[in-house]
Amino acid sequence: MSISKTYLPKETEDKWYSYWLKHNFFKSVPDEREPYTIVIPPPNVTGVLHMGHMLNNTIQDVLVRRARMKGKNACWVPGTDHASIATEAKVVAMLKERGIAKKDLTRPEFLTYAWEWKEKYGGIILDQLKKLGASCDWDRTKFTMDEELSEAVIDTFIHLYKKGLIYRGVRMVNWDPQGKTAVSDEEVIRKEVNQKLYYIKYQVSSIKYQDQGADDQNSNDLILDTKYLTIATTRPETIMADAAICINPNDERYVHLHGKRVFIPLINREIPVILDDYVTMDFGTGCLKVTPAHDLNDYELGQKHHLPVIDILNDDGTLNEKAQILVGEDRFIARKKIAVLLEEAGALAKVEDYKSQIGFSERTDAVIEPKLSMQWFCKMGEMAKPALDYVLNGEVKLIPEKFVNTYRHWMENVRDWNISRQLWWGQQIPAWYLPNGEFVIAKSEDEALKEAQLKTHNLQLTTADLTQDPDVVDTWFSSWLWPISVFDGFKDPNNADINYYYPTNDLVTAPEILFFWVARMIMAGHEFRGQAPFKNVYLTGIVRDKLGRKMSKSLGNSPDPLDLIEQYGADGVRVGMLLCSPAGNDLMFDVSYCEQGRNFANKIWNAFKLIKGWEVDNSLANPNEIAIEWFDSRFNQALGEIEDNFAQYRLSEALMATYKLVWDDYCAWYLEMIKPAYQQPIDAVTYKATVAYFENILKILHPFMPFLTEELWHDELFGERDTLDCCIVAQLPNIGEINTQLLSEVEVVKIILTQIRNIRQTKQISPKEALELSVKSNSGINYQQYEAIIAKLGNISVFTAVNDKVSGAVNFLALTDEFFIPLNESIDPVVECARLNKERDYLLGFLKSVDAKLNNERFMANAKSEIVENERQKRADAEAKLKITEQNLADLAC
RNA sequence: GGGAGUUUAGCUCAGCUGGUUCAGAGCAUCUGCCUUACAAGCAGAGGGUCACUGGUUCGAACCCAGUAACUCCCA
């Protein structure tokens with residue numbers, strides 16, 4: 001049977017994934033081993049796999065697989081998030097297509113449709129993760145609206161309410177007019193947008209109304225005009241909601257306005273001029289329109305000055321009757337129309353281009369409208385404190401550490417969390433309203449009734465008198481419980497799972513949800529378990545394209561991860577992702593990394609092919625002792641580096657160390673050293689060692705490249721394997737002895753071989769032509785033991801040790817040892833002299849710099865002794881080399 | 001406006017408590033090779049005023065101050 005020339009991922013991936021599943025390798029139940037737990041950041045149930053997931057889950061899988069191979073009981077809990085706004089929007093859209101409007105449905109009817117939709121389309125993303133190789137314990141798959149998880153949400157709500165941490169109040173919230181719901185601060189994405197700044201003239205009321213003809217005034221004129229004051233706003237459509245004009249009391253330009261009143265243009269409502277140093281004098285005109293209903297800062301200013309709140313917007317962003325004009329128009333259309341009306345009325349002084357930050361809804365991308373409404377809030381201050389401490393005292397480690405500062409800043413300035421959403425898809429708020437407007441909080445309608453009867457001392461009340469709050473809680477109010485609720489730690493706080501798996505080990509997530517998810521999970525962990533939910537938080541970067549732009553659907557710059565897997569194989573894509581992903585820094589993704597990953601897979605495949613093709617001859621002696629011993633040391637050395645990198649969560653460096661070990665050390669050096677001549681058999685000892693090394697290499701590769709390694713693992717090259725003897729559960733080798741002298745001497749051998757190849761290249765000598773090599777050793781290295789290797793890889797026919805230099809031969813230095821290769825052609829003395837002179841100049845310069853240190857009293861006094869010793873050694877080496885070089889120069893009579 | 005971070009080869013990044021010649025890796029580039037494991041490869045080579053300006057130090061990519069550019073978070 002011939003082996004394919006390249007690795008073919010498609011033939012292995014599904015096969016091994018099913019095999020792993022069939023034999024329950026991903027499954028975890030508590031036992032006596034040490035647990036290693038990761039809970040997945042639950043993707044939206046509506047989501048499809050994008051590059052961010054790809055990165056995130058590759059990292060998790062690498063960590064989980066490695067833990068499994070270190071003998072831990074590894075458990076990776078998967079699941080999805082019900083994503084109320086996003087899912088509800090999808091369901092509404094689906095219904096609309098079928099000609100059904102949400103408003104015509106009852107809540108239960110709507111929810112039936114929603115569940116249907118979820119069952120049918122939800123969770124695709126979990127199947128996509130399987131393609132990537134994610135070794136999740138699928139039996140533990142959870143959904144944030146599962147019965148136990150929902151129950152946990154309700155219980156949590158009640159618990160926090162009783163503790164006084166949840167309250168109801170009118171607050172300015174971020175209103176999403178498209179989703180028609182409030183969203184939390186964290187769900188508002190700010191973007192810089194080109195806008196217009198409208199300068200609008202308000203007539204001052206104590207002056208008689210006259211003179212309209214001054215369109216061409218500049219700003220200074222505007223200020224000097226005492227009949228009008230001019231404000232600058234980006235939102236002219238909200239002037240009808242103005243409650244006052246505010247100026248800075250120190251603003252000398254406007255002293256004449258103190259105590260005055262002005263008219264709102266078009267509707268001619270009279271409003272006061274108020275004074276507050278909140279107003280920045282040098283922004284706009286220095287006059288600020290105060291619109292408490294439609295701006296957070298204005299709201300606060302309004303509260304301070306007891307201004308009325310006039311809300312002129314409907315929930316869908318259209319103007320209502322209170323606006324008096326443009327009623328029913330959408331806010332953006334109204335903006336354009338009112339500009340025209342103001343212009344016609346002579347109230348528009350000018351329009352400027354202006355850039356400013358605008359909030360957009362993360363879920364619907366609608367422009368967020370600040371809106372006053374009655375909402376439920378969760379107090380954060382008290383909970384933030386312990387959650388901050390976990391991170392500050394290192395019980396929860398953020399990786400990289402730079403996020404600690406950001407985290408602290410946020411936790412110290414945390415604001416109360418608006419947890420209600422005006423949606424149906426989610427956990428309905430467990431509050432029941434009584435006819436008198438009071439409310440009770442209870443787990444069920446029956447309990448609510450009892451509470452209500454108790455509260456009102458009215459036993460006549462029936463459930464018909466109660467109305468449950470129609471809103472649901474924020475999705476994050478269920479995801480913050482995730483590390484506890486996936487192990488059913490609320491209903492059954494002492495069950496075997498939660499006691500075993502909690503706290504979890506590592507959380508891998510994006511820094512953008514550090515606050516609205518990570519911080520809150522720590523709060524919940526502390527509140528409900530008295531323990532942080534995880535020990536380490538690995539924050540990945542944002543996947544960007546080559547040009548540094550965030551990958552997004554709208555830009556169309558994101559490759560489909562499944563296409564990438566199709567093209568480069570799951571292992572190739574995993575390697576590609578990790579090659580360019582430093583922790584916490586954004587990564588500039590490019591498919592060329594996947595290509596590199598695929599090439600690497602292919603390299604391993606071909607190394608396998610080579611070994612597989614050898615025939616063993618038991619009668620042969622082992623000529624490769626040195627090579628075998630060297631690779632053993634090198635392997636152990638690399639193992640240490642990899643271990644160290646993992647301990648610091650430097651995954652891309654751990655991968656790179658592995659990559660170089662395999663490609664350079666194993667393939668390029670080791671296999672070349674021991675490779676028998678064409679169609680010659682190999683001795684048994686070398687063969688055995690080589691196969692054993694290869695098996696160890698498969699182990700360290702497995703977390704990165706699970707499919708390829710599992711495929712090779714089962715080849716008969718490695719002998720008969722039991723059904724359950726799989727690479728996925730193989731135990732990683734321990735670090736063995738390292739012969740450092742051998743390692744450094746082989747480095748010299750590599751220099752010699754590189755020099756020989758270099759000479760061949762420059763002198764255009766074919767690799768097939770054998771050369772003679774002599775060495776005049778000054779270092780004490782016994783080159784005899786490396787003779788076989790040098791002869792084989794350098795194609796050297798005769799390798800001799802000499803006491804005197806060989807004249808007329810090409811020569812080079814490796815450390816302080818001199819090597820000679822006699823050639824037929826004579827050496828050009830001019831070229832050779834130039835080379836030697838350059839070498840001498842360099843050495844002289846080097847010596848000078850070393851001597852400068854050694855002759856410097858302050859250096860000798862201050863530098864550590866090993867550094868001084870090091871300088872002395874450098875000096876000795878340089879002098880030795882200089883001596884050789886000068887001798888060569890003298891011999892050539894340069 | 002407040003805070004954090006980044007700036008090292010064409011690209012992506014290492015460079016741990018300042019101390020092996022003004023620095024490493026992978027990719028890319030250039031040159032030569034279809035040398036029967038691999039052209040998705042092999043061998044060799046080139047490439048950097050460590051953003052800029054000062055300072056501290058015997059010694060600075062690394063510490064300090066300032067400047068510039070970019071990124072992120074918060075308001």
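Keep in mind that the numbers below use all heavy atoms, side chains included, and drop hydrogens, waters and symmetry copies. Letters go in sequence order (proteins before strands), and every chain restarts at 1. What you see is a predicted model, and the numbers here were worked out from it, not measured in a lab.
- Residues from residues 670-680 of chain A that place a heavy atom under 4.0 Å from any atom of RNA chain B, listed by number: A/Glu672, A/Lys675, A/Tyr678.
- For the OP1/OP2 pair of B/G44 and a distance below 4.0 Å, the side-chain nitrogens and oxygens of A/Thr754 include at least one atom meeting the criterion.
- Using cut-offs of 30° and 60° for the angle between ring planes, the A/Phe694 and A/Phe718 rings count as parallel.
- Within 4.0 Å of A/Asn602, counting heavy atoms only, lies at least one base atom of the nucleic acid.
- B/A39 and B/G10 are spaced 31 Å apart, taking the P atom of each and rounding to whole Å.
- Within 4.0 Å of A/Arg757, counting heavy atoms only, lie sugar-phosphate atoms of the nucleic acid but no base atom.
- Ion pairing of A/Arg235 with A/Glu369 is present here, as a side-chain N (NZ or NE/NH1/NH2) and a carboxylate O approach within less than 4.0 Å.
- Taking a pair as Watson-Crick or G-U wobble with both distances under 3.5 Å, RNA chain B forms stems of 3 or more consecutive pairs at B:1-7 with B:68-74, B:10-13 with B:24-27, B:29-33 with B:41-45, B:51-55 with B:63-67.
- One P atom belongs to B/C58, the other to B/U12, and the distance between them is 39 Å to the nearest Å.
- Scored by the ring-ring contact (aromatic ring centres under 6.0 Å, His included) test, A/Tyr670 finds A/Phe631, A/Tyr666, A/Tyr693 as partners (sequence neighbours excluded).
- Across the C1' atoms, B/C64 and B/U56 are found 7 Å apart, a figure rounded to whole Å.
- Between A/Phe600 and A/Tyr659, the two ring planes are tilted [angle within 30° to 60°].
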Encode nucleotides 18-29 of chain B as B, S and - characters from 5' to 3', where the letter depends on protein heavy atoms closer than 4.0 Å: B to the base, S only to sugar-phosphate, - to neither.
-BSB---SSS--
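- Look at the P atom in both B/A23 and B/A9: the space between them is 14 Å, to the nearest Å.
- Salt-bridge check for A/Glu769 with A/Arg760: failed, with every basic side-chain N at 4.0 Å or more from each acidic carboxylate O.
- Only the C1' atoms considered, B/G18 is 6 Å distant from B/A60, to the nearest whole Å.
- Between the C1' atoms of B/G48 and B/U8, the separation comes to 8 Å (whole Å).
- A/Lys5 has no side-chain polar atom (N or O) that falls below the 4.0 Å cut-off from OP1 or OP2 of B/G41.
- Between the side chains of A/Thr816 and A/Asn778, no donor N or O sits under 3.5 Å from an acceptor N or O.
- With sequence neighbours left out, the ring-ring contact (aromatic ring centres under 6.0 Å, His included) criterion links A/Trp669 to no other residue.
- Among the protein residues, A/Arg760 comes within range of no part of the nucleic acid, since none of its heavy atoms lies under 4.0 Å from any strand.
- Distances shown here put a side-chain N or O of A/Arg650 below 4.0 Å from the OP1 or OP2 atom of B/G15.
- Taking A/Lys688 as the reference, nothing meets the salt bridge (charged side-chain N to carboxylate O under 4.0 Å, His left out) condition, with sequence neighbours excluded.
- Aromatic ring centroids of A/Tyr407 and A/Trp410 lie 6.0 Å or more apart.
- Here the separation of B/C30 from B/G47, taken at their P atoms, is 16 Å to the nearest Å.
- With both ends at atom C1', the span from B/G44 to B/A65 equals 47 Å, rounded to whole Å.
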